[in-house]
Amino acid sequence: MNADHVRGWVREARRIVLLSGAGMSAESGVPTFRDAQAGMWAKFRPEELATEQAFRARPAMVWDWYALRREMIAQVEPNAGHRAVAAFQQRHPGRLAVVTQNVDGLHQRAGSAGVLALHGNIAQEKWLDAPRACCAQHPPVDGHPPRCAVCGNLCRPAVVWFGEMLPQAELEAAEAAAAACDLMLVVGTSGVVYPAAGLARATRGRVVVVNPESTELDDAADAVLPGTAAGLLPRLLED
Ligand code: OAD
């Protein structure tokens, strides 16, 4: 199955889901998680940074690491893959739903509407513990991390950490979209993290994997296209 064949499937499909992972943003300059050479997890163990326990143990270190990522992401731009997805949605309203594991907001910045961000958004913050009246009354005081001046409750990044539940509304909407679609494009994900990867196994639609490397979801795919997001998506999604 080649890209032209898959382009035919795109044209036929009435409902499409694009399920993206870190590789979607690689050509924007955002390192992937599991790339052995450049991935962020090569330098840091995930359990040192991306868990509630780690944050409680070393809040300044974890906060600063996320702040660095946030600044880096603010400086990059959506790539041709993000733009092709958003342009397709604008030409065909309601036909393509974006479900992403990425917290970088690049689909949204490219102009995609209704993005289901399963792992949250690094640009946003929330309270670590359930906010008390004092937390809501005053803006948090600056710090690493910012905190409530009265009770000391800490701000944390609004991303999903290992061991945490996904946001329920987004997950349910993603499951419904996966159940209803006749084509799912699985782009730039290694397919090892559930429940996101399970969406590609649950759909009854055709599944197409777009990735320069093999993935854990290749066995569930009707077509595997070796290539990159920015290289292939503009071709697959052109009219
Ligand atoms: P990974 O880092 O596990 O996988 C990135 C994938 O992108 C790999 O399969 C690469 O081969 C592929 N890739 C690299 N460059 C690409 C390109 N230009 N175009 C297309 N594909 C490319 O990232 P995810 O699968 O997104 O979760 O990881 C899933 C989750 O694991 C993340 O959301 C994060 C992490 O733990 C949380 O933070 C909860």
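Throughout, numbering of the chain's residues begins at 1 and tracks the sequence. In this text, all values refer to a predicted model and were calculated from it rather than measured experimentally. Order of appearance sets the numbers: ligands from 1, and atoms from 1 within every ligand. The analysis underlying the following values was restricted to heavy atoms, covering all of them including side chains, and did not include hydrogens, waters or symmetry mates.
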Atom indices of ligand 1 within 4.0 angstrom of Ala22 heavy atoms, with elements: 23 (O), 24 (P), 26 (O)
Among Pro31, Ala26, Gly21, Ala196, closest by any non-hydrogen atom to atom 15 (N) of ligand 1: Ala26
Ring-face cation of Arg147 near Trp63 (centre distance under 6.0 Å, axis angle within 45°): no
Geometric class of the His5/Trp9 ring pair [parallel <30°, tilted 30-60°, perpendicular >60°]: perpendicular
Under-4.0 Å salt bridge between Arg206 and Glu12: yes
Check ion pair Asp129-Arg56 (N to O, under 4.0 angstrom): yes
contact_flag Trp161 ligand 1 heavy-atom lt 4.0 Å: no
Val193 contact mode with ligand 1 (heavy-atom cut-off under 4.0 Å): side chain
His119 contact mode with ligand 1 (heavy-atom cut-off under 4.0 Å): side chain
Residue selection (non-hydrogen contact nearest atom 9 (O) of ligand 1) among Val187, Asn211, Val159, Leu166: Asn211
Any Ala50 heavy atom less than 4.0 Å to ligand 1: no
Numbering as shown, the atoms of ligand 1 that approach Phe162 to under 4.0 Å (heavy-atom distance): 36 (O)
Polar contact flag for Glu27 and ligand 1 (N/O pairs, less than 3.5 Å): yes
Shortest non-hydrogen separation from Leu185 to Leu233 and the atoms involved: CD1-CD2, 4.4 Å
Atoms of ligand 1, numbered as shown, that sit under 4.0 Å from any heavy atom of Gly188: 5 (C), 6 (C), 7 (O), 20 (C), 21 (N)
Salt-bridge contact Glu238-Arg91 (side-chain N to carboxylate O under 4.0 Å): no
Enumerated ligand 1 atoms positioned under 4.0 Å from heavy atoms of Glu213: 11 (O)
Under 3.5 Å: N/O of Ser190 near N/O of ligand 1: yes
Side-chain touch Arg69/Ile122, heavy atoms, less than 4.5 angstrom: yes
Heavy-atom side-chain contact between Tyr66 and Arg156 under 4.5 Å: no
